[in-house]
Asks: 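Structure below; questions to follow.
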Amino acid sequence: MMKFRFRRQGADPQREKLKQELFAFNKTVEHGFPNQPSALAFDPELRIMAIGTRSGAVKIYGAPGVEFTGLHRDAATVTQMHFLPGQGRLLTLLDDSSLHLWEIVHHNGCAHLEEALSFQLPSRPGFDGASTSSSLTRVTVVLLLAAGDIAALGTEGGSIYFLDVTTLALLERQTLSPDEILRSVPDDYRCGKALGPVESLQGHLRDPTKILIGYSRGLLVIWNQAAQCVDHVFLGNQQLESLCWGRNSGTIISSHSDGSYAIWPMNTGSSPTLQPSVATVPYGPFPCKAINKILWRNCESGGHFIIFSGGMPRASYGDRHCVSVLRAETLVTLDFTSRIIDFFTVHSTRPEDEFDDPQALAVLLEEELVVLDLQTPGWPSVPAPYLAPLHSSAITCSAHVANVPAKLWARIVSAGEQQSPQPISSASNWPITGGRNLAQEPSQRGLLLTGHEDGTVRFWDASGVALRPLYKLSTAGLFQTDCEHADSLAQAAEDDWPPFRKVGCFDPYSDDPRLGVQKVALCKYTAQMVVAGTAGQVLVLELNDVPTEQAVSVASVDLLQDREGFTWKGHERLSPRAGPLPWPAGFQPRVLVQCLPPAAVTAVTLHAEWSLVAFGTSHGFGLFDYQRKSPVLARCTLHPNDSLAMEGPLSRVKSLKKSLRQSFRRIRKSRVSGKKRIANANSKLQEANAQLAEQACPHDIEMTPVQRRIEPRSADDSLSGVVRCLYFADTFLRDAHHGPTMWAGTNSGSVFAYALEVPAAVAGGEKRPERAVEAVLGKEVQLMHRAPVVAIAVLDGRGRPLPEPYEASRDLAQAPDMQGGHAVLIASEEQFKVFTLPKVSAKTKFKLTAHEGCRVRKVALATFASVACEDYAETCLACLTNLGDVHVFSVPGLRPQVHYSCIRKEDISGIASCVFTRHGQGFYLISPSEFERFSLSARNITEPLCSLDISWPRDATRARVQESPKLSQANGNPSIILAPQSCDRSPDLAHKGADTPEPPESTLSPMSIDSATSADTTLDTTGDVTVEDVKDFLGSSEESERNLRNLTEDEAHTCTILIK
Amino acid sequence: MQGLAESLRAAPVRPAPWERAGLPLLEGVPSETSEEHFGAEFRRFSLERSKPGRFEEFYGLLQHVHKIPNVDVLVGYADIHGDLLPINNDDNYHKAVSTANPLLRIFIQKKEEADYSAFGTDTLIKKKNVLTNVLRPDNHRKKPHIVISMPQDFRPVSSIIDVDILPETHRRVRLYKYGTEKPLGFYIRDGSSVRVTPHGLEKVPGIFISRLVPGGLAQSTGLLAVNDEVLEVNGIEVSGKSLDQVTDMMIANSRNLIITVRPANQRNNVVRNSRTSGSSGQSTDNSLLGCPQPMEPSFEPEDEDSDEDDVVIEDNGVPQQIPKAVPEAESLESLTQIELSFESGQNGLIPSRGLSLAPAAGGTDSEFETRAPVQKLLEEDGTIITL
C-alpha cells in the first residue's frame, strides 16, 4: 500500500530530453559591489582592475561586461594584489602570508580566472615551530620588479626575499637581510636598533634594477638589484607608512604615522641623505592620524598631484574617512562614508613618457568604489557603469520587470540623466576599459527595481552583465520627517577647513524607518507605479518628463473596519506635507493612500487599465480607485484572537534593544573578569569556579534539546490575517461571463475573490468614465492546511497565465483564451493547487512540504524557451524553498520538472531576497551589496562573455587553442574568449617549450597549467555543481571524451607545427 | 414462539461526538418478549424468539411498524441489568432477543439526532426513567458520561499499519486527525541513534519523539512514546532531513499522519504471524477487543488528501467542500502527452477513469471508490488494524 502511495514516477526519455533543452541551472554573474573588499590592483596596460575580499574572492573588472571571478581555496583575507602588467596574471597575498598566482586562462573556449600556483614563505630553518620566526617571515609588502618575472617580498623581520613569479620558486641566494643594509648605514643611526618590518617596496619605472626599500623605523634605501649593493640611504627617523617614487627619479615622497609627509631629493652623492627637503603635516598643527598611503604624480601642464589617505586631525576629524588631493594650491579633502581600503591613479606607465598625467583617481572603500576625473576641472566623480553600491541604503524589497518597452526605457534613462549632477559626457570617461564584451546586445530590456530603507526606489539596467544604475526615485520628499533640520544644522557647522567634499553615495542611515519601501509594482505600458512602505503608505506615481509643482491627494483607508478591542501599538503614520510640492522629472506622486492602522504594507498590486490599486497589511486589504481617488473596498482579515498583529514592528525593535543590552552586559562582565585575573591565587580559584558555573549554564541549554511541536495550524494562529498576495484578473468568477476580479490570499490559507464592476472604457479612450467601481465578494476559499498563500494566478482555457494589463491589447502578448475553462493556481507555502473556475473544483495539486519537507518561499510563473527549437516554450512555475532549492513545475499539471540547490539554507536573507524574472532567471542577495544572478532556463542566460588581449613574456607564454565563442555558451559556464597576442613573439617560443620544466609547485594546485585539454569536462571549479549538472555531464561524457581526444590530437598537432 | 417487542422513537438529543478510542461493549441478555417504545407512542409487536431472523429484517420490521421507511435510526434495547445497549448486527440482535424476559424493550432514535451517551452500562438504572433521559437531553448534560457510540459511527483515531512489510522492530502508526479539537499532542527533537554499518557501529543523527501532551491524540493511542525514533513520515525517510524539515513534513501531513518509528521500548512489538505474508488480506490481528474486521471499509477514511477539506464560500454564504474536478477531454488537451504518462497517485492530476491505471492511492474519494473497486482492493489490502 505504501509502495504504491509513494511510488516515484518513472523517467520518460522523450520528456527528459525536452527538459534538458528547457532547463539548466547556472549561477552566471554577481551584480553590485563585492562584500568586504580588502585589496585593490590595477593593470595600466590592460586597463583592468582587481578587487580582493576578506572571504578570499578575487574579482577582475574591465570595460562594462568584462568580468572575471575567482575564489581562493582558503577563505582568507586578500591583503594585497599585484598585476603582472599586460599578462592577465595576478599575484595575490593572503593574510596567512601565502602567495597565489592567478591566470586568466582559457580552456576549450571556456575560459576563466584560475589559480595557477601558490607559495608559502618557509619559516626560517632552525626556528621551526617558534612563533617568532613565523611572524618574522610574515610578508608585509610585495613588489613585482619591472622585469616582470621576479617578485620581491618584504617581511616583518625586515628581510626581503626574491621569488620567480612564473614558478613561484624562491630565489634562495638573493635574500636581502636587514644586516646587509645596516652595513651601509652610519653607526650613529644604527644605535643597536632593528630596522623594523619592511613597510614599502617601490620599483623604479625607468630603471628596473633599482628598488626603493622603506623600513618601519624610517630608513629609506635604494637597492641596486643588478649590482647587489646599496645605492643610497635616506636616514628618516619618523615611523614610515608608505613611499612613492617620483617619475623623473628626482624625488621620493614618504608618508608617516604622525600625519606628515616628506619629500626627499635624490642626489647622486654616496653620502646618506639626512634630512628631507620638505617635511609637512598637512592637517597640523594639532596631532594627526597616520597618512597610510601617498602618491606623487607629475603633470605635463606643470606641477604635480600629491594624493594621500588619512592624516586628519586626530581630535576633530579622526573618525573621517578621507583622501586628500593636493595640486599646487588646490586641496580637496574627499570625505567618504566608509573606510578607505586602497586607491590608485590611472596614468601613463610607459617608461619613455616624461609625465604621469593622471587621468583619474579610483578609491576603493569598504562599501563602494569612487572614481574621480582628474582631468576635468573640479575633479568630478565619474558614475560607475557597474560595481554600484546596491546597499547605499539597505535593500528592503526588489522586483524585476522584463521586456521593458523601448519608449519607457528611454524616458527612465532620460529622467536618470537629469538627476545625475555629473555632465553626461563624463559617463564616457570611465577609465577602466580593458577587454571587449563579446556578449550579444541583450534581446530585451530588463529592469530591476530595488526598494530601500530610506524610501527610495532604484532602477537598474539588468539587461546585461553589468548592473547599471538608471534612475533613483525618492519618496521621502512627500513626508515630514524630523531629521531634516538636523541635516541643515550639520551643514552649517561645517568649517571651511579642511575643505571637505562629500563623495560617494553609500549612506546607511535612514531618516525614518517608516519611509522604508516594502513593495513595488510598475506598469510598463502606462509608466505608472505603486510604491508601498512600512507605515502603511501606498503611493501611486506616474512618469513625467518635465518637473512640475503639484499637490498630492491623500486618502486613508481603515482596514480594521470597526473591529473593536484593538489598539495599534506600533508607529504613527507618516504625515504628508501639505500644499503643492515641486517634483523633478521622473516618477511623480499622484495619490497617497494611507492604511489604518499604519502597519507595513505586505502586498500590493496595480491594474493601470482599470486604474485600481490593491494593497494589504497584517490587518486586511483595500482596493482604491486612483482615477476617481476614492476607496472601493476595505476588508479586515484579522482573526479575533490575534494579538501580535496589533503590536507593530516596534516590539521587535524592543527585543533588539534588549539583546543589545544583554550583549553589552556580557562584554562588561568579561572585562570585569579579565581584570580579576591579575588578582591573587585565591580569587583566581573563585573566578575559575565562577567561570565553570557560567559555562555550565549554556551547557544546560544545549542539553535540553530544541523540540518542535507537531500540530496542525489553527485558525487563530498569530498573524493569520496578514495579506500575502493580491492579484487582478479578467476571468470567470461567478458565472459564464468573465469580468474584472480581484484576489487576495492570507497567511492562514484564506483566499478572497471579488468580482469588480469596472465601467468599461470608451472605445479608443485610455480613461474609463467617471463612475464608481464596485466590488462584490464572489468566493472565499479556505485551504484546510492553512498555510500562507504566497501567490495566485489565473490560467486561461489553454492553461497559460493571463497576460498583464495592456499586454494583449497592445499586441505584446498572445490574447488569452477567454472562451472559458479558466482555472486559478493558488500557491501556498506547502502546496500548489489548481482549481477550476467559475465552479471551484480541485483540478491538480502538488504537496511540496508533505513530500520534501521544504516550504515555499518565492514562486513565479516563468516562460522557458527551448535551446533546440526556436519557438518552443513552456510556461512553468519556478519556486524557491526555505532550503534554498529551486524547483520547477509544469503548469497546469503541477508535475515536478527539475530542481537545483541554489542558496545555502542558512542564508535566510539570500532566500528572502530572491526574485524571479519572467524568462527563467533570478536574483538573490549574496551579501548586503551583491546580487547573484542565476538562470534556470537553458536558453536565457546572462553571463560574462568577453575577450582580453593578453601577452605573456617569452618563457611564460603557453599556447592555447582558440575556440569559437559558441561552444562556451552551450556549456553555460561563465566564460571568456582569450586572444593571446602573439604578433611580436617568435612562434617557436609561443608554445611552452620543453626547456621550461614543469615546476614542482604546480602540483600544489589541482588544475595544472597543462590541463587545458581536460577542461571541457570540468565541473566548474567554483563548486556550484548540482546533481543535475553532474548527470548532464555524465550523459554527454561520450561526446566530451571524443572532444577530448580530438583536442589532444589538435594540440599535439599544433605542438609539432610550433616546434618545427 | 412469539415474543413481544416495544419500541420507542426518541426525540433529538445532542450532536454525536465524533470519535471514540474504543469499541462499545456488545452485550445482550436473553429475552422472550420484545417491547418497543416509540416516542410518545409505543408499538408492541411479537417476534419469533427461536427464529429471530436477521438484523436487517428486524430493522425493516421496525421501520414498517413505525411507518418510518426511509429514516436511519439507531436501535437499542434494555438488557436485564437495565443498560441501554445497541442493536446493530445479527449478533447483538440475537443476543437481545434471547435475553428478553419476557419483553424486549427497544428504543429507537433518529440516527442524526442520536444520543450516544444514552448507551452503556447502568444507563437505565442510573436514569430511572430512560424517557426523561432520552427525551430531555438537557438533564443529563449536568453529568457528562463516558461516551460510547455505535460501531459504524466510530472513526479510528490511530492504527498500526503495514505490519507485514515492516521489520518487527519498526512500527508504522497512523494518526487520524479529523475535525476534532483534540491536538495531535507530541513534540519531536534532534538526537542520535546507533546504527550498524559496514564500518561497525556508528552514531547517526536522528529525530525522536521528545514529549507527549497529556490528553493528546498521540498519547491516547498509546502507540507512540517518548524517545521513539522517527524513521519515516508518510512513507518518506527522514534521515538526512533537519528537525525543521521533519516538523514541516509532519504538519503538512497532520490530517493523515503516518509515522514509522523504532519504538524505544521494543518489548511491545507486534509479533508477526507466520501465516501472513506479503500483501495478503489478513495481516496480524492484534486488535485488543477482537472487533470484527469486516467493519473496516466503513472506517476507511477517504480523505487521504486534505483536498476535500478545502472549503469554498460562494455568494450564498454557505461553506461547501470543494469537489474534485473530473477532467474532461477538453481540459486534458492542455496537458501534454508526457504529463499524462507521468501520472502518479499522490500528486498532480486527479485520476479519472480514462487515465487512472496507476493505483491512485492518494486520490481516492468516495465517488472514485465506487468506480474503481479493483483499486480499492489494492489499497485496502487488509493491513489496517484498528485499535
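Small disclaimer: the values here were computed from a predicted structure and weren't measured. Chain naming here is simple, since letters A, B, ... match the order of the sequence lines and numbering starts at 1 in each.
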Asks: Is the shortest heavy-atom distance from the side chain of A:Phe835 to the side chain of B:Val312 under 4.5 Å?
Replies: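 They are not in contact (no side-chain heavy atoms under 4.5 Å apart), so the answer is no.
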Asks: Measure across A:Ala850 and B:Asn253 and return the closest heavy-atom pair with its distance rounded to 0.1 Å.
Replies: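 Minimum heavy-atom contact is CB-OD1, 3.3 Å.
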Asks: I want to check something: taking the side chain as every heavy atom from C-beta on, are A:Val706 and B:Asp190 in contact at a cut-off of under 4.5 Å?
Replies: no
Asks: Rounded to the nearest 0.5 Å, how far does CD1 of B:Ile313 lie from NZ of A:Lys779?
Replies: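 CD1 of B:Ile313 is found 12.0 Å from NZ of A:Lys779.
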Asks: Taking every heavy-atom pair that is under 4.5 Å apart, which of B:Met250, B:Met249, B:Arg211, B:Lys241 has the most such pairs with chain A?
Replies: B:Met249
Asks: Where do B:Gln245 and A:Leu883 land on the side chain to side chain contact (heavy atoms under 4.5 Å, CB included) test, with the steps shown first?
Replies: CA-CA 9 Å; B:Gln245 267 178 285; A:Leu883 304 180; 3.1 Å; yes
Asks: Which residues pass the ring-ring contact (aromatic ring centres under 6.0 Å, His included) test with B:His170, not counting sequence neighbours?
Replies: none
Asks: Among B:Gly216, B:Gly191, B:Ser254, single out the residue with the greatest number of heavy-atom pairs under 4.5 Å to chain A.
Replies: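 Ranked by heavy-atom pairs under 4.5 Å with chain A, first place is B:Ser254.
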Asks: When rounded to the nearest 0.5 angstrom, what is the spacing between CZ in A:Arg708 and OG in B:Ser242?
Replies: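 Separation between the atoms: 8.5 Å.
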Asks: If I take atom CD from residue B:Gln321 and atom CE from residue A:Met784, how far apart are they, to the nearest 0.5 angstrom?
Replies: 7.5 Å
Asks: Go through the steps for B:Ile251 and A:Glu830 under the test side chain to side chain contact (heavy atoms under 4.5 Å, CB included), then give the verdict.
Replies: CA-CA 10 Å; B:Ile251 291 175; A:Glu830 293 188 352; 4.3 Å; yes
Asks: Side-chain contact test, heavy atoms from C-beta onward, threshold under 4.5 Å: evaluate it for A:Lys833 versus B:Asp310 and give yes or no.
Replies: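 Sidechains of B:Asp310 and A:Lys833: in contact.
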Asks: Are side-chain heavy atoms of B:Pro319 and A:Glu780 found at a separation under 4.5 Å?
Replies: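 No, side chains not in contact.
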Asks: Any side-chain to backbone donor/acceptor pair from A:Glu711 onto B:Gly185? Under 3.5 Å, distance only.
Replies: yes
Asks: If we define contacts as heavy-atom pairs under 4.5 Å, which of B:Thr247, B:Leu243, B:Ile188 has the most with chain A?
Replies: B:Ile188
Asks: Mind checking what makes salt bridge (Lys or Arg N to Asp or Glu O under 4.0 Å) contact with A:Asp817, not counting sequence neighbours?
Replies: none
Asks: With respect to chain A, which residue among B:Val246, B:Asp244, B:Val238 yields the maximal number of heavy-atom pairs within a distance under 4.5 Å?
Replies: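 Of the candidates given, the most pairs with chain A belong to B:Asp244.
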Asks: Determine whether a donor-acceptor pair (N or O, by modelled atom type, separation under 3.5 Å) exists between the side chain of B:Asp248 and the backbone of A:Thr849.
Replies: no
